[in-house]
Amino acid sequence: MSTLRNHLPYLLAGILFGILLTKAEVISWWRIQEMYRLQSFHMYGVIGSAVVTGAISVWLMKRFNVSTRSGEPIAIQPKSFDKGIVIGGLLFGIGWGITGACPGPLYAQIGAGMTVVVVTLLSAIAGTWTYGRLREKLPH
Amino acid sequence: MLELLRQPWPWYVAGPLIGLTVPLLLWIGNKSFGISSTLRDLCAACVPAGIPFFQYDWKDRTWNLVYVAGIMLGALLSVTVLGNPEPVAIAPDTVADLQALGLTDFSGLGPSEIFSWDVLLSWRGLIFTVVGGFLVGFGTRYAGGCTSGHSIFGLSTLQWPSLVATICFMAGGFITTHLLLPLIF
């Protein structure tokens, strides 16, 4: 039961996020095409306002020393830089343009009934596995 | 109220709520928002194959697998209880550009002429689902994150590597849209 109690908040947060992605239509291949053709502000508005809201809320949490639900101090994992950010970032971007979905929307598209995206997700898992397999040989 | 919720949500409502995911996950359990790492967790859980990159206790990260299960459920609720019968209102210029590439069916979340079981085994279907998916999984892990981990969490926490990553994501998408799509179609 403690597992359920520990995991329920993440399930609810995930449901909320899935609703947001779907109702904002950011899981639509059409919306991604509009974005990359600079023909609609929608995606830029969603991502831009998400970043601004996220940044303000993280700043407020630090400013007022907000701790986690269980009283721990907030710890933010640092992102380190290496060549993979550029090479991997470009490869992911090319894939994002093709599939019209980054990882979150892949899960959401399946839930929204695009069952063929199960194949895209399995292929994404295979891509991650291949990266893990080749990691030592790739430039970083 | 339900009628209002069934409409597509404008960016200025959905965007800020998506941004609140960052403090929400920090508050729930000090978690860094990031979806693509679940692909690594699934590798570690199912096919670790002795690869060092997958030798870690993925069970410590079940919260994120529960989270993505929630994403699927949320999407299901969105197309049923909160379902909008109208098609996506695509910008007319985008429709014209895609018609020029040969697409004719503009219903659904994406083109059925590309994403469906019927065309999966055609060369076009394989490129859009299998090759595209592979690049998403390979690229995100190589870059150490995706749109959620870098572009939303990383930028929200003012980390410059995430800004570089986001610029590269966008550059890749522009390359696909303007250089590769005309070749693939």
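Order of the sequence lines fixes the chain letters, A, B, ..., with proteins taken first and strands second; residue numbering starts at 1 for each chain.
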**Prompt:** Can you check whether A:Gly89's main-chain N or O pairs, donor with acceptor, with B:His150's side chain at less than 3.5 Å?
**Reply:** no
**Heavy-atom side-chain proximity of A:Pro139 to B:Tyr142 below 4.5 angstrom** = yes
**Donor on one side chain, acceptor on other, B:Thr140 and A:Tyr131, under 3.5 Å** = no
**Prompt:** Got A:Ile47 and B:Trp11 here, is their nearest side-chain heavy-atom distance under 4.5 Å?
**Reply:** no
**Prompt:** In terms of heavy-atom pairs under 4.5 Å, which option from B:Ile167, B:Val68, B:Ile152, B:Leu73 contacts chain A the most?
**Reply:** B:Val68
**Item:** Any side-chain donor near an acceptor of the partner, A:Trp30 and B:Thr94, under 3.5 Å
**Value:** no
**Fill in**
Which of B:Ile28, B:Thr62, B:Asn64 passes side-chain contact (heavy atoms from CB on, under 4.5 Å) with A:Tyr10? It is B:Ile28
**Asked** Does a side chain donor of either A:Gln39 or B:Asp97 reach within less than 3.5 Å of an acceptor in the other side chain?
**Response** yes
**Complete:** Rounded to the nearest 0.5 Å, the CG atom of B:Leu26 sits from the OG atom of A:Ser57 at a distance of 8.5 Å
**Request:** Indicate the atoms forming the closest heavy-atom contact of B:Gly132 with A:Thr99, along with that distance.
**Result:** C-CG2, 3.3 Å
**Prompt:** Salt bridge between B:Asp93 and A:Arg37, side-chain N to carboxylate O under 4.0 Å?
**Reply:** no
**Message:** Is any side-chain heavy atom of A:Thr128 closer than 4.5 Å to one of B:Phe138?
**Reply:** no
**Message:** Between B:Tyr67 and A:His7, is the ring centroid distance below 6.0 Å?
**Reply:** no
**Fill in**
Checking A:Pro105, A:Ser123, A:Pro103 against B:Val136 for side-chain contact (heavy atoms from CB on, under 4.5 Å), the one that qualifies is A:Pro103
